[in-house]
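As the structure is a prediction and not an experimental result, all values here were calculated from the model.
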Amino acid sequence: MNPLRRFLRTPEALAGAVILAALLTMALAAPLLFPGDPQAIAGPALLPPFQDWSLPLGTDRLGRDVLAELFHGARTSLAVGLAAAAAALVIGAVIGTLAGFAGGLVDEVLMRITDAFQTVPSFLLALAFVSVVGPSLGVVVVAIALGAWTGPARVARAEVLSIRERDFVAGARVIGMHPLEIAFREILPNALPPVLALSSVIVAAAILTEAALSFLGLGDPNRVTWGGMIAEGRTVLRTAPFLSIVPGLALVLTVLGVYLAGEGVVETTAVRRSLS
Amino acid sequence: MTRALALIRRRLVGSVFVLLIVVIGTFLLLEAAPGDAVDAYIVSTGGDAGMIELLRHSWGLDQSELTRLANYLWALLHLDLGQSVTFSRPIRDVILERLPTTLILMGSATALSFGLGSALGIYAGARPGSFRDRFLSIGSLALYAVPGFWLGLVLIVIFAVGLRWLPIGGIESIASARTGLDRAADIASHLVLPVSALGFIYLALYLRMMRAGMAEAWRQDFVLAARARGLSRRRIVLAHVARNALLPLVTMLGLQSAQMLGGSVVIESVFAVPGLGRLAQEAVAARDTPLLLGIILVSAVLVIFINLLVDIAYALLDPRVGASEAGA
Amino acid sequence: MSSPLLSVSGLTKWYRRGGKTIAAVDNVSFHIETGETLALAGPSGSGKSTIARLVLRLVEPDAGRIQFDGEDFLALGGAALRSRRARLQMVFQDPLAAFNPRATVARVLDDPLRIHGIASRLKRPRRIAALLERVGLTPDLAPRAIHEISGGQRQRVAIARAIATKPSLIVLDEAVSALDVSVRGQILHLLLDLQREERIAYLFISHDLGVVRAIAHRVAIFDAGRIAETGDARTVVDAPQSAIGQALVAATPRLNRA
Amino acid sequence: MTALLSIRDLTVTYRRDGGEVAALKDISLDIAAGERLAIIGESGSGKSTLALAVAGLLPASARVDGRIDWFLRPPPPLGAKAPPSVLPDISPSRGEIAPSSRPSPISRIAGGEPAAKLPISPLEGEMSGRTEGGAKDRRPSAIATDYGPLGGRDIGFVFQDPSASLDPVMPVGKQIAEVLYTHLGLGWPQAFAKARTLLERVRLPDPDTALHAFPHQLSGGQKQRVAIAAAIAAGPKLLIADEATSALDTIVQAEIVALIRQLVSEDGMTLLFISHDIALAAELAERIAVFRHGRLVEIGAARQIISAPRHAYTRSLLDAHLGLDAEPLSRQAEASP
Amino acid sequence: MLAGSRVSEGYWRTGRVAERTEFDHVRFHEAVETPDDLTAVFKFAKPTPFQLIRNALPALSSVVPKHIYESGKIEDNPANNAPVGTGPFKFAEYKAGQYYRLQKNTDYWGKDEPYLDEIIYQVLPDRSSAASALEAEEIHLAAFSAVPLADLDRISKVPGLKVITKGYEGLTYQLVVEINHRREELADLKVRQAIAHAIDKDFVVKTVFLGYAATATGPVPKNDPQFYAADVPTYAFDIAKANALLDEAGYIRGADGKRFSLKLLPAPYFNETRQFGDYLRQALAAIGIDAELVNNDSAAHIKAVYTDHAFDLAVGPPVFRGDPAISTTILVQSGIPDGVPFSNQGGYKNDDLDALIAKASETLDTSARTELYKEFQQKVAADLPLINVAEWSFISVARDTVQNIANNPRWAVSNWADTYLES
């Protein structure tokens, strides 16, 4: 069966795919539906939702259109989530495979560094990093990746170590394959899928971390972020709780979508593996 | 027990290097920051250039980075974390003052998430594919997707602001003269919301892990063998399936300790809990570099310590651990 | 008389477990002539599979010498070793584990041809088809993924890969013990045909004395990393002298068809 | 002879990726009480599915058609006498080799009559129950449930891989004791004491230490001995050994086979021995059933199957066998052209 | 009670550590003499207006006991964390991150005072919790705008609570756009005028401050009855005029509608300064100036603006403390070394203004001094070294039971000796 169809067969994966598709549409449509600066003042401040149909979700403290901010916030959340996860996966995969292949002292040093990064609470690290370098989108991405690469690194290393001992690698050596070819053609393609399977968890964590940083005022002030919206709304939590609740719900849905789709992918590939 | 002792020894040796990397790495990172403690201090007090020079000198900030790193490491050997700029007190005292609060928060949140999470996980995993399994699975996933700080705000809106059942923040009623059980109850009522906000997310994690672990265990031959031996379902679920599925959860307990410490930064901020997390945020805001260094270092030590406990617990739970290296 | 194709002397491999050092292979010496089958038999854990890996230099020995094709095999390294590997091939026990899970039959057979420059890119498909036919498979199997074909077919592909480089010695590590008896018979016949036609020598590792007796010229019986006895396969199996040999023979189930 | 169970038109189908695969097709055979029956076949022949079906261990996704009828006598009252695994039941039909293709009258009653009539059937006190996918879930409720074939109590099952079939984190003594605790109503101390006796019976060296050992501390053969001890702990009528020796070394295999043979004979158990090795089957079993592609090819006395197979497939299996007396293949090959 | 000699000595010693830059004028005293235990005579090197001393001393200095501070380094003195003073309350306890507790000083000189037995200052780092704590009667008073502005409207209607805007008259915050005159574009007066015209001050007051502020016309707030000058050049909200001014100055909009880009650094100390930063970015966008917001924590902000001058525009909240000489003129005056926070670090230099500032600080005659500062305001408003947008002060929310509150211009930081709770 076609993997995509098998993927969409489970209701969870389907729900995840629908959520992510909606989110992607939001992110892509944001500049078309809400051209210009989403932070532009669009109406009276603190307009509750569903009062004015030109501002369906109301306005925030400065009279900015919450719906426009929500759409543009989707861009930031997705961009940061994907970029940070990609960075974490790449860094982790490189370090992990390097450690796995090199072994010995290199492995030992890289693993102690990995330990060190895992020992420091990653959010604390991100907090320190952003406050040191100053908040901007790129810095936030790096800060999140700094705390997220250790998981992929460990998985990549473990996979490399285990695959190295497998018969088919011995078989490749027996036919005289060059060690580099063994590494890149025999081992890596088999070691990476379990690493990539982590991506949904990492993307979700990255989105949540970005939101938490923005919530603490360490987001990029030139971008709308959902975490930043929640933080803004927090000062008027009593009078206008919707300002925190709406972006919060968007966050929950997004992360849920990522998880659901991720589980679907894992399940789909797991089925394929069990069939083989 | 020799297995556990060997494990502890090996761990401790490795930890020294890890801590060294943590200290040096954090030190260099914080050195790269624009503005230093003097700048931060001046915000609150004011002062002219001459005074800034004076402060830089008296706080040793005019020395080279290497000298300061060396001094710092030397002081660390004497368990001296230095002097906090914002609190004008030894950092060790400041941290020790805040640490118990965070430990209580983390401990309660861990107990909640691990206890309830694994119990619900067993309940769900006892009948894979059943309605309750699917319901708990999806429900926990949704819960896992909730940002902790937002959950905190929602809980405040509902239970503290709306229903007024619970206090809105802090760790105990202000300057109350309560003692003994009264005081404990007061602290507990303050902890309900932050512990829930912090714990419920990890609860979802443990639930999911337990459930997945049980699904995995159900496929194992020894479960089929237990069925073949005619053991009761209850016995199979609890003594074999759940027992084996528990092991990865214990590992996760260690891995999550760092995450939970990070999560408590935000949760403590939302609920105004005067713990280590809030201290970290205060240190960041005040650019109190030595304090932040100290907090990160103490967190790292804490995480290493928790992981050590978890490793010992794991070794006790899984007889296979270290079997091949016994006596090594 | 020329020197043997493979001669192993004083081969030793240690491994550590729990602080103790145990010899997996303890001062083992043997030789194989061109076109000959030497079987290594013994209970599990007796070190026979370690010998296979040592001979192929998948594992480096702690002591001893390996002379292959007239040269010191242990002295080789890098490109020289890789090029010499064409002459010394291996077939593994589990044919599924022995191939990259993502590989196709064609790729598996293409690799040795490419690596050792045996055929140009354009000629390789024909060579692959010929190899498949040589091991009794149809060439239309080439585009199939390894996990899609049956166990017996896989083991034939493994043999095709081993003979692609025209080796003079193939190490067969329990190469037929995972197969059903009917398939096993076919594979054994294939191996014998190849030996007869190409003068390939086999180092045949097996725990099954029946198979050993049926296929090997000589046998060395292993116990705890050492050779307990060695000699003509029939002679040893029919009348083992060592305790382990006698135990193995006694434990082998017999079919009294009389 | 007395039939212990009778299998009629058994068909088992697995659902796999949308399609259905029949693992067993229309199998009918009787297993006599006290006999040693071997099921042989190559991979995919359905022999293990049969073992699981008899033990009621088929996965829920498997579809089962046909019947398995049991003829069990009620177990002795608890504590009335020494445990059955020590004091063997009398097995009247032991040694008899009588393949029966006729359905016994009991199976007709069991299958065709309301269960409530069972107590007045000719074999009073015996009962039948159909097992598919979980024996105890499907016990007829109208009759005394104690009589149903129950895994562990009435059926002992030994799996192929002893490393996988023991819980890795539970001491082996406890894994045996929990069977005794469950089926014999013993308290834990007595259960452990009995577990120790069982370890002795399966000739595990140093049973006191072994009682508290974990599976990873034992060798493969020792683990299989533990698994056998757990299987026979509650004194089952039927012992199913599903490729129980094929993961083991030749020498260990011989020891385990000898042990099984001895235990079966001492306790008067019925043995269902599943194997791919026709020689091993012939050494151990009185009767052999040959399976291929989910069908029963032929069944008969071991001697007859070995020396005078009726079916070509059986013959080819015999021919492919390479025993210690086999002619070297090279000579055959040279001779054949 | 402390002896006068102790007064002077303590003053001198702390002066070295914690003095503020705005304090410059007062600091230039020669000596403090204490002829008897209850008198201190301050001698100044330059003529110093008494008005200035009167305004500056309570805001910027504290008297500390000599016997405690005479030995050791002042900054290491344990009394820094357990202060000893002369007021109606004694420091009792400090729980980091939780509260400060003061106890009644039974030796206080005021008759029957203080009325309160104990004051607890609770740390409520989360602003949204202040209102709830008041409503829940966990606290009686939230000063210094602890209750967010957005909650004031609602909370003013809660029975038992009152919103008080008084009590901070001596402490007026000014919302100021600091300008880096090193930037070529910003050195052009027309550009500064255009920016001033682009800011809708009424909107800022209404939206950012929810009405709890006043629009500003110049460097002295309207609520100062003595120094404030109303007749200064003003800049009405007028986008068209702002655009015209920019066109005139030669900064034509590019194809993307942008004239030039700026770095905008809002100070992080108040929600309102950050929010105004957000607003200013939008206001500048309307006139074709592309502002990039840079949010820093306080240390980085101080360094970026006052030491590194790595800003084009900054939003700051300087404080007017009742006299322009204390904290206000320094924002305009030139020649201040790099690194002095809350001073003119924008590279602005105007000799006229410098001379005016110097003269005013030495003018002893009150009305002459007042006139000089009115002139100062006119010149600042005309030349726009910085743009004053709004003025605000703190708001207190208290339970009705709290009496005698906000009864002096610095009430929140005064001694509260007469405050009591109605039962």
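For the atom pair B/Q281 CD and A/L216 CG, the distance stands at 4.5 Å (nearest 0.5 Å). Between atom OH of residue A/Y259 and atom CD1 of residue B/I138 there is a gap of 13.5 Å, rounded to the nearest 0.5 Å. To the nearest 0.5 Å, the span separating OG on A/S244 from CZ on B/F149 amounts to 9.5 Å. Rounded to the nearest 0.5 angstrom, A/F215 CZ and B/S269 OG are separated by 5.5 Å. Taking CH2 of B/W150 as the reference point, atom CG of A/L208 lies at 11.5 Å (rounded to 0.5 Å). Note that CG of A/D115 is 8.0 Å distant from CD1 of B/I304, once rounded to the nearest 0.5 Å.
In this structure, the portions of B/L141 lying under 4.5 Å from any heavy atom of chain A include both its backbone and its side chain. For chain A, no part of B/L297 is nearby; none of its heavy atoms comes within less than 4.5 Å. Proximity to chain B is absent for every atom of A/F117, based on heavy atoms less than 4.5 angstrom apart. Contact of B/V146 with chain A is made through backbone and side chain together, with heavy-atom distances under 4.5 Å. Contact annotation for A/L253: neither backbone nor side-chain heavy atoms come within less than 4.5 Å of a heavy atom of chain B.
For chain A, the option among B/V265, B/L151, B/L19 with the highest count of heavy-atom pairs below 4.5 Å is B/V265. Highest contact tally toward chain A, considering only B/G277, B/A258, B/S15, is held by B/A258 [criterion: heavy-atom pairs under 4.5 Å]. The greatest number of non-hydrogen atom pairs below 4.5 Å with chain A, out of B/S257, B/G262, B/G148, B/A280, is found for B/G262. For the set A/A205, A/P241, A/A211, the entry with the most heavy-atom pairs within less than 4.5 Å of chain B is A/A211. Highest contact tally toward chain A, considering only B/G25, B/G263, B/A142, is held by B/A142 [criterion: heavy-atom pairs under 4.5 Å].
The side-chain heavy atoms of A/S122 and B/Q259, taken from C-beta on, include a pair separated by under 4.5 Å. In this structure, A/Q118 and B/V303 have side chains that are not in contact, with every pair of non-hydrogen atoms separated by 4.5 Å or more.
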side-chain contact (heavy atoms from CB on, under 4.5 Å) between A/V120 and B/S299, worked out: CA-CA 7 Å; A/V120 176; B/S299 311; over 6 Å; no
Worked verdict on B/R208 versus A/E263 for side-chain contact (heavy atoms from CB on, under 4.5 Å): CA-CA 12 Å; B/R208 296 190 63 73; A/E263 287 222 329; 2.3 Å; yes
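Closest heavy-atom contact between A/A128 and B/I296: CB-CD1, 4.5 Å. Residue A/R112 comes nearest to B/G14 through the heavy atom pair CD-O, 4.1 Å, listed as atom of the first residue, atom of the second, then distance.
Among A/T114, A/T119, A/I113, the single residue meeting the side chain to side chain contact (heavy atoms under 4.5 Å, CB included) criterion with B/V18 is A/T119. Of the candidates B/L261, B/I295, B/L276, A/L124 forms a side chain to side chain contact (heavy atoms under 4.5 Å, CB included) with just one, namely B/I295.
Heavy-atom contacts from other residues, nucleotides or ligands closer than 6.0 Å to CZ of B/R132 number more than 12. Residue A/R223 places its CZ atom among 12 or fewer non-hydrogen atoms of other residues, nucleotides or ligands, all under 6.0 Å distant.
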